[in-house]
Amino acid sequence: MGGMAMMISGPAVDARAPRTRRSPAALPWLHSLGPARLGAPGEGRLAGRRCAAARRGAATCAAAAAATAAAQVEELNKQLGIPGFVEVKEGLGGLPTVVLQHACGASAEVTLFGACITSFKQANGSEVLYMRPDAVFDKSKPISGGIPHCFPQFGPGKMQQHGFARNVDWAIAATSADPQPDDRDPEVQLVLTESDYSLKMWPHKFQVAYSVALHGETLRTDLRVVNTDDKAWDFTAALHSYIEVLDVEKAGVRGLQGLDYLDKGLDYLDRVPDPKNPAKKKEQREVVTFNGPTDSVYLKAKDYVQLDVGTGAGVSITSNKWSDVVVWSPWDAMPDFFRSFVCVESAQFGAPVVLQPGEHWRAQMEMVVVDL
């Protein structure tokens, strides 16, 4: 996908809200990659403390841990919050969460655990994303809903499903709220680096920066991956976007006609194909609709697709440098709620990215609700 340039920058703002607030430490490479003005702390995970009073009982330990977490969130908000635009608070399940609030009324929420966008609301308060009812927020598993990360692996493979980035804490690098051109665009930049946990399953050194911003009622993301190792490595990735629909059978995706795709869904005999060798097909339909399990990877996709959510509105997704689009519906594998969402994902899967030492890769995505 190509052809779209996203600008997440702007002129100076007044003294009431600093244009940019950064964590005390910095990773210099983040300042050299382009106009998104990313900074980063030296730590890749939110610091956590063990409960010294564990032997006094699980309840006491849990209470102490909750108090510690609350204090950490409060401190992060003092350092990096921008009143009226960016707030760090306890979100779903008490997870540290960054809330972006645009002057127009649109909002977005991003958890530090997994750097998952758990909410994106229009100015009228309508939710765009979908959170599965079976989602848990205790860090025992990745968050099932919103926009989770898949890095450094999309799908099954040599490590856990969809990689580890969605299953670890990221750190806040910086926050900002710059006029664009008249209203301030709230933005947060998160960072992730290798850890003992990641090195056990993927023995490579890396740094990832992820920016989430609101430009009016448009959600913007900017993902950067840097090879900080002394040897080359490759990766695949995706933004696993869950989008709420009125009914899956009323939904449809435009912008995929004529593309080759890997069909990983059930065949006409309900047989599960070999996931390592999915059938390659060409999309003939102008509108891709749903009448059964769907798991399709559209290769070398266009930079614009649109999901009709069945209400007279659509969700438009514009991408830059994400090479592929994934369309997924679990159908009756999730019988209680499959009708309420469709995943339309910006992905890098068909051709893994290879980075030499010091090289970086960058991809961007915009999501906005439009009238049909």
Problem - D229 (side chain) donor-acceptor with K205 (main chain) under 3.5 angstrom - result: yes

Problem - D178 side chain to S176 side chain, donor-acceptor N/O pair below 3.5 angstrom - result: no

Exercise for the section: State plainly whether the residues R285 and E283 are in salt-bridge range, i.e. N to O under 4.0 Å. Expected result: yes

Exercise for the section: Indicate, with yes or no, if I82 and V73 share a hydrophobic cluster defined by side-chain heavy-atom contacts under 4.5 Å among Ile, Leu, Val, Met, Phe, Trp and Tyr. Expected result: yes

Fill in the blank from the handout: Rounded to the nearest 0.5 angstrom, the OG-CG distance for S144 and D134 is 5.5 Å

Practice task
Could you check if a side-chain atom of V309 sits within less than 4.5 angstrom of a side-chain atom of V315, using non-hydrogen atoms only?
Solution key: yes

Handout entry: E187 and Q189: side chain donor to acceptor below 3.5 Å
Key = yes

Handout entry: W170 side chain to Y210 backbone, donor-acceptor under 3.5 Å
Key = no

Problem - Crowding at NZ, K231 (>12 non-hydrogen neighbours, <6.0 Å) - result: yes

Practice task
Please answer: with hydrophobic residues joined when any side-chain heavy atoms are less than 4.5 Å apart, are V168 and F235 in the same cluster?
Solution key: yes

Exercise for the section: Apply the test side-chain contact (heavy atoms from CB on, under 4.5 Å) to residues I243 and V342: give CA-CA distance (whole Å), side-chain angles for both, the deciding distance (0.1 Å), then the verdict. Expected result: CA-CA 5 Å; I243 300 173; V342 167; 5.6 Å; no

Handout entry: Step-by-step side-chain contact (heavy atoms from CB on, under 4.5 Å) determination, L92 to T97
Key = CA-CA 8 Å; L92 296 168; T97 299; over 6 Å; no

Handout entry: Student check: side-chain heavy atoms of V353 and V225 closer than 4.5 Å
Key = no

Handout entry: Closest non-hydrogen atom pair, A347 against V326
Key = CB-CG2, 3.8 Å

Practice task
Mind listing the closest non-hydrogen atom pair of H204 and E194 along with its distance?
Solution key: O-CB, 3.7 Å

Problem - Expected output: side-chain Q72 to main-chain L76 donor-acceptor under 3.5 Å - result: no

Practice task
Examine W233 together with W361 and report whether their ring centres are nearer than 6.0 Å.
Solution key: no

Handout entry: Distance, nearest 0.5 Å, that separates OG of S198 from CG of L192
Key = 7.0 Å

Completion exercise
dist D263:CG -> K282:NZ (nearest 0.5 Å) comes out at 14.5 Å

Problem - Test: K264 cationic atom under 6.0 Å from F349 six-membered ring centre, within 45° of axis - result: yes

Problem - Pair Y261-D324, side-chain donor/acceptor within less than 3.5 Å - result: no

Handout entry: Side chain E74, main chain N77, donor-acceptor under 3.5 Å
Key = no

Fill in the blank from the handout: Of all heavy-atom pairs linking K141 and N167, the shortest is C-OD1, 3.7 Å

Handout entry: Side-chain heavy atoms of W331 within contact of T294, under 4.5 Å
Key = no

Exercise for the section: Following the transitive rule for hydrophobic clusters with a side-chain heavy-atom cut-off under 4.5 Å over Ile, Leu, Val, Met, Phe, Trp and Tyr, establish whether L95 and L112 coincide in one cluster. Expected result: no

Practice task
Could you tell me the separation between the SG atom of C150 and the CD atom of E345, rounded to the nearest 0.5 Å?
Solution key: 6.5 Å

Exercise for the section: Mind listing the closest non-hydrogen atom pair of P142 and R166 along with its distance? Expected result: CG-NE, 3.5 Å

Practice task
Answer yes when D222 and R362 have at least one side-chain N-carboxylate O distance shorter than 4.0 Å, and no when they do not.
Solution key: yes

Problem - Among D303, I317, V325, T221, the one residue meeting side-chain contact (heavy atoms from CB on, under 4.5 Å) with S346 - result: I317

Practice task
Anything under 30° is parallel, anything over 60° is perpendicular, the rest tilted; go ahead and classify F164 against W202.
Solution key: tilted

Exercise for the section: Please assess K250 against D308 for the test salt bridge (charged side-chain N to carboxylate O under 4.0 Å, His left out), listing each intermediate value before the final yes or no. Expected result: CA-CA 8 Å; K250 298 181 183 297; D308 182 343; over 6 Å; no

Handout entry: Side-chain heavy-atom pair P96, E90 within 4.5 angstrom cut-off
Key = no

Practice task
Spell out, as yes or no, whether a donor-acceptor pair under 3.5 Å connects the side chain of E127 to the backbone of L129.
Solution key: yes

Handout entry: In one Ile/Leu/Val/Met/Phe/Trp/Tyr side-chain cluster, 4.5 Å: V88, I143
Key = no

Exercise for the section: Name all residues meeting the side chain to side chain contact (heavy atoms under 4.5 Å, CB included) criterion together with P133; count only those two or more places apart in sequence or in a different chain, and write none if there are none. Expected result: Y130, F337

Handout entry: Minimum side-chain heavy-atom gap E109-V98 below 4.5 Å
Key = no

Handout entry: Between S319 and Q364, a side-chain donor and acceptor under 3.5 Å
Key = no

Problem - Any donor-acceptor N or O pair under 3.5 Å, side chains T218, E366 - result: no

Exercise for the section: For the residue pair L190 and I172, establish whether any side-chain heavy-atom pair is separated by less than 4.5 Å. Expected result: yes

Exercise for the section: Might you point out which heavy atoms bring D185 and H215 nearest each other, and give the distance in Å? Expected result: OD2-ND1, 2.7 Å

Exercise for the section: For the residue pair Q153 and T236, confirm or rule out a side-chain donor-acceptor distance under 3.5 Å. Expected result: no

Practice task
Please collect all ring-ring contact (aromatic ring centres under 6.0 Å, His included) contacts where either partner lies in residues 96-124, sequence neighbours excluded, each pair once.
Solution key: none

Exercise for the section: With the side chain counted from C-beta on, respond yes when F290 and F338 share a heavy-atom pair under 4.5 Å apart, and no when they do not. Expected result: no

Practice task
Find the distance between CZ (R220) and CE (M367) and round it off to the nearest 0.5 Å.
Solution key: 14.0 Å

Handout entry: Any donor-acceptor N or O pair under 3.5 Å, side chains T111, T118
Key = no

Problem - Side-chain donor/acceptor of E359 to backbone N/O of Q356, under 3.5 Å - result: yes

Exercise for the section: Decide whether V344 and L239 are clustered together by the hydrophobic rule: side chain heavy atoms of Ile, Leu, Val, Met, Phe, Trp, Tyr closer than 4.5 Å, transitively. Expected result: yes

Practice task
May I ask you to test the V287-V253 pair for a side-chain heavy-atom distance under 4.5 Å?
Solution key: no

Practice task
Verify whether the ring centers belonging to F151 and F206 lie closer than 6.0 Å.
Solution key: yes

Handout entry: side-chain contact (heavy atoms from CB on, under 4.5 Å) assessment of V208 paired with V226
Key = CA-CA 6 Å; V208 177; V226 179; over 6 Å; no

Handout entry: Candidates T318, I147, L223, N320 - the one meeting side-chain contact (heavy atoms from CB on, under 4.5 Å) with M365
Key = I147

Problem - Ring centroid separation H240 to H149 under 6.0 Å - result: no

Problem - Donor-acceptor under 3.5 Å (S316 side chain, G314 main chain) - result: no

Exercise for the section: Please report the closest heavy-atom contact between V248 and S329, naming both atoms and the distance. Expected result: CG2-OG, 3.8 Å

Exercise for the section: Dump the intermediate steps for side-chain contact (heavy atoms from CB on, under 4.5 Å) on F85 and R184, then the final yes or no. Expected result: CA-CA 8 Å; F85 300 96; R184 294 176 180 176; 3.4 Å; yes

Practice task
Report the distance from atom OG of S296 to atom CG of L259, rounding to the nearest 0.5 Å.
Solution key: 11.5 Å

